[in-house]
Amino acid sequence: MARKKSGGRREPKFEGKASLDGLRLNRSDRVSDNSNFEDEDEPPVRVRREKPEPRERKASKSRSSRTSKVPFRKRFGRIAYWGVVLGLWAMIAAVGGVIWVGAHLPSISSLEIPKRPPTIQIVGTDGSVIATRGEMPGANVSLKDLPPYLPNAFIAIEDRRFYSHFGIDPIGIVRAAIANVLHRGVSQGGSTLTQQLAKNLFLTQERTLQRKLQEAELALWLERKYSKQTILELYLNRVYFGSGAYGVEAAAQKYFGKPAKDVTLFEAAMLAGLVKSPSRLAPNRNPEGAEKRADVVLAAMVDAKLITPAQQKAALAHPSFAVKPTGAGTINYVADWIGEVLDDLIGQVDQNIVVETTIDPKLQSVAEAAIIDELAAKSVKFNVSQGALVAMTPDGAVRAMVGGRNYAESQFNRAVTAKRQPGSAFKPFVYLTALEAGLTPDTVRQDAPIDVKGWKPENYSHQYFGPVTLTQALAMSLNTVAVRLGLEVGPQNVVRTAHRLGIASKLESNATIALGTSEVSPTELVGAYATFANNGVAVSPHVIMRIKAADTGKVLYTRPPDPASQVIDPRYVAMMNAMMHETLVIGTAKKADIPGWYAAGKTGTSQDFRDAWFVGYTAHLVTGVWLGNDDSSPTKKATGGGLPVEVWTRFMRAAHQGVPVANLPVPQPGNPVSDFFQSFSRGRSVPTQPLGPAVSDQATYAREPTYGAGHYSQPVYPSRNGNARPQPAQASGRPEADAGLSGGGWLMDRLFGGR
């Protein structure tokens, strides 16, 4: 066992009571809990001691005390240091943002001012421009050709420091920001004319931060590459003024009917004021708002010392008024139709072109007024909301077309695109088929009730006249005779006849086809009727005659003449013209009368009075009118012999004023058929001289077939019509019979597919 070292640790020893006395505390050594007590014999009062402060609080106090002792110079230095650091980071972020935005732009070196999209000028028969198409119509104008106050008006109201900034106006941005804060909204903009030009040329109209940054970069590029004069000229030729007008030239023509070089000071102020809100401040829509805005522009020009107060006073004393728009803009229906066929004629349009049309501007205005006035006066009474009119020459050249009562409200062209049931207006194809099968205008058929396996068509008047001639039956639009004839000659043959004359729509070859239950468009129906006025030669409705390059005058397209395709024997043309003439004499279109002219035509009304038609013609013009509702809802008993005849008569009388009288082909005098018509016309005989291309005296007429009543083809009953009706509001595709068709009850629903 190892021995302990002598120098080791010594432990204290407590031996006995005496050794602990020195370590004990007496009363005098203790701190009194109550210093108020002087008498040591009194018991001490316990006082709750406060808790010691947390270490964190003590530490903060110590730091604050130390900070308070830091000199102001050191504190300012630290603030400056961190300000510099944050500023550098902000600059780095800004540069990065600019680089990122620039990376999403095309290469600046490849940026060029884009060419103006091609302009399509549509010209009428008198050489006047009746419509313009293209994204930016209007010719470019040079600054030197404009009055000085015109560009100055834009500078005063849009960018007063245009000639002093570098594409971006910091002062303008600050001013706009302050104004927007004070108004608690966006009341001013800080974009320069250069920025607006950059947006119009290269960017979209979306309101995003990225687009604004791109706009600023492009503005800097434009200012670097082009002069101020060039930028201002580009701006004036590209800015949008509403109503489809781009550039000051197009806007001046649109709103004031004059070139931009001739606008007055007030008109210049009005144009400059349009840029803020083209749709809201257009002079043709809001003349009061446009004038108030022009006053603001004039005041800004005075403030910028661009005009004198005397000039402002003179301008306010002679304000200008916008040119009234031509009617309801129905010529745009024609322009749209032309735009649809251009690609087929000349391919993609990549240059400014002039389209010479067959449209007569005067007749177009008359047609528009006839439709609009008639609907304005009687649309409520008869619950008719829309109408269409197509007028063409006997060879198919469209002279006027109205596709609806107001183009601004609806761009759907009812004259070309709408498919509606023609009702009795389809009956001429039935009667022509009967004539070609050997019947004559004086062939007699029974007007009596008919039952075709449960289907019981009735006349509009619910009356029956017994034995009647075909001429009487067509003039009085007797449904039972038409159905008998349709079954007699065969519905499929009636369909072939209609297609041969120009009807392109799908037609159902069933018993109801005789009453016009298959849908057709007004243009194709009028084109088919034109064959009767064209002596049986096929007609192709058309509106474009020639297309030329606007800059060089090079002819790009000329309409070739139609091949002389005889689709109706002239004998039957003469018979049909004479028979349909009686519709205007004793039949359903007695109101249709053109003094001095021999006219013919046929009315039509579909089931439940949904469609009202009249198609009539002379040797000069063929015109069809349709009235109804887009959703195919029933009218209040609007018939073809009512409103459509009134519209037709108003238009045709105006269209025939001053035109040399010409006559339709009808049977010659001395012919048995002609003699019949003379005795049947009740005081309105056919002319005693040959009328146009007449039928030969030696012409013979086929005898009436020997088969009699009951020897009919078996009818094919209709199913639910699947023809689509491309209209704003889709309606039921159920085929409908002529007005007055009734009976059958549940069987009718089975036949026609139900309501």
Q. Can you list the steps and then say if Gln472 with Glu582 is a side chain to side chain contact (heavy atoms under 4.5 Å, CB included)?
A. CA-CA 8 Å; Gln472 288 176 308; Glu582 295 305 313; over 6 Å; no

Tell me whether [X] contacts the main-chain N or O of [Y] through its side chain, where contact means a donor paired with an acceptor under 3.5 Å.
X	Y	value
Ser379	Ala376	no
Arg500	Val567	yes
Thr417	Arg414	no
Asn383	Pro634	yes
Asn459	Ser461	no
Asp451	Lys456	no
Asp611	Thr605	no
Asp608	Arg610	no

[X] versus [Y]: any side-chain heavy-atom pair under 4.5 Å?
X	Y	result
Pro457	Ile450	yes
His581	Leu664	no
Val398	Val526	no
Lys590	Thr583	no
Trp648	Lys591	no
Val384	Lys378	no
Asp593	Thr649	no
Leu627	Phe382	no

Q: For the pair Glu374 and Arg650, evaluate salt bridge (charged side-chain N to carboxylate O under 4.0 Å, His left out) and give the outcome as yes or no after the intermediate values.
A: CA-CA 10 Å; Glu374 190 72 17; Arg650 173 176 173 175; 5.8 Å; no

Atom [atom1] of [X] and atom [atom2] of [Y]: how far apart are they, to the nearest 0.5 Å?
X	Y	atom1	atom2	result
Leu507	Gln492	CG	CD	13.0 Å
Gln411	Tyr333	CD	OH	7.0 Å
Leu474	Met580	CG	CE	7.0 Å
Thr357	Ile544	OG1	CD1	8.5 Å
Leu470	Met575	CG	CE	11.0 Å
Arg496	Ser509	CZ	OG	8.5 Å

State which residues pass side chain to side chain contact (heavy atoms under 4.5 Å, CB included) with [X]; sequence neighbours excluded, sorted by chain then number.
X	answer
Glu340	Trp337
Pro394	Ala533, Asn534
Gln446	Pro467

Do we see a donor-acceptor contact under 3.5 Å between the side chains of [X] and [Y]?
X	Y	value
Thr433	Asn493	no
Ser518	Lys506	no
Ser633	Asn629	yes
Ser477	Ser424	yes
Ser505	Glu524	yes

Q.
Could you go through Lys362 and Asp360, starting from their C-alpha distance and side-chain angles, then the distance that decides it, and tell me whether this counts as salt bridge (charged side-chain N to carboxylate O under 4.0 Å, His left out)?
A. CA-CA 6 Å; Lys362 294 181 180 179; Asp360 185 331; over 6 Å; no

Heavy-atom closest pair, residues [X] and [Y]:
X	Y	result
Ala599	Thr618	CB-CG2, 3.8 Å
Gly527	Pro541	CA-CG, 4.0 Å
Ala482	Val430	O-CG1, 3.8 Å
Asn577	Pro665	ND2-O, 2.8 Å
Val661	Gly596	CG1-O, 3.5 Å
Ala511	Pro491	N-CG, 4.3 Å

Q) Of Trp613, Phe614, Phe609, which meets side-chain contact (heavy atoms from CB on, under 4.5 Å) against Thr639? A)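 Output: one option passes, namely Phe609.
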
Q: Would you sort out whether Arg445 and Glu488 count as a salt bridge (charged side-chain N to carboxylate O under 4.0 Å, His left out), showing the intermediate values?
A: CA-CA 11 Å; Arg445 287 290 180 265; Glu488 185 173 330; 2.7 Å; yes

Q: Give me the ring orientation class for His656 and Trp597: parallel if the planes are under 30° apart, tilted from 30 to 60°, perpendicular past 60°.
A: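 Rings of His656 and Trp597: perpendicular, as their planes differ by over 60°.
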
Q: Mind telling me whether Tyr529 and Tyr617 have parallel, tilted or perpendicular rings, with 30° and 60° as the class edges?
A: perpendicular

**Q.** Verdict with reasoning, Thr480 to Glu458, per side chain to side chain contact (heavy atoms under 4.5 Å, CB included)
**A.** CA-CA 6 Å; Thr480 61; Glu458 295 181 350; 5.9 Å; no

Q.
Pair Asp447, Arg484 - check salt bridge (charged side-chain N to carboxylate O under 4.0 Å, His left out), show working.
A. CA-CA 9 Å; Asp447 176 31; Arg484 282 188 167 90; 5.7 Å; no

Q: Could you walk me through whether Arg420 and Ser606 pass side chain to side chain contact (heavy atoms under 4.5 Å, CB included), step by step?
A: CA-CA 9 Å; Arg420 305 301 294 247; Ser606 66; over 6 Å; no

**Q.** Residue pair Thr330, Tyr407: steps toward the side chain to side chain contact (heavy atoms under 4.5 Å, CB included) verdict
**A.** CA-CA 6 Å; Thr330 58; Tyr407 182 83; 5.6 Å; no

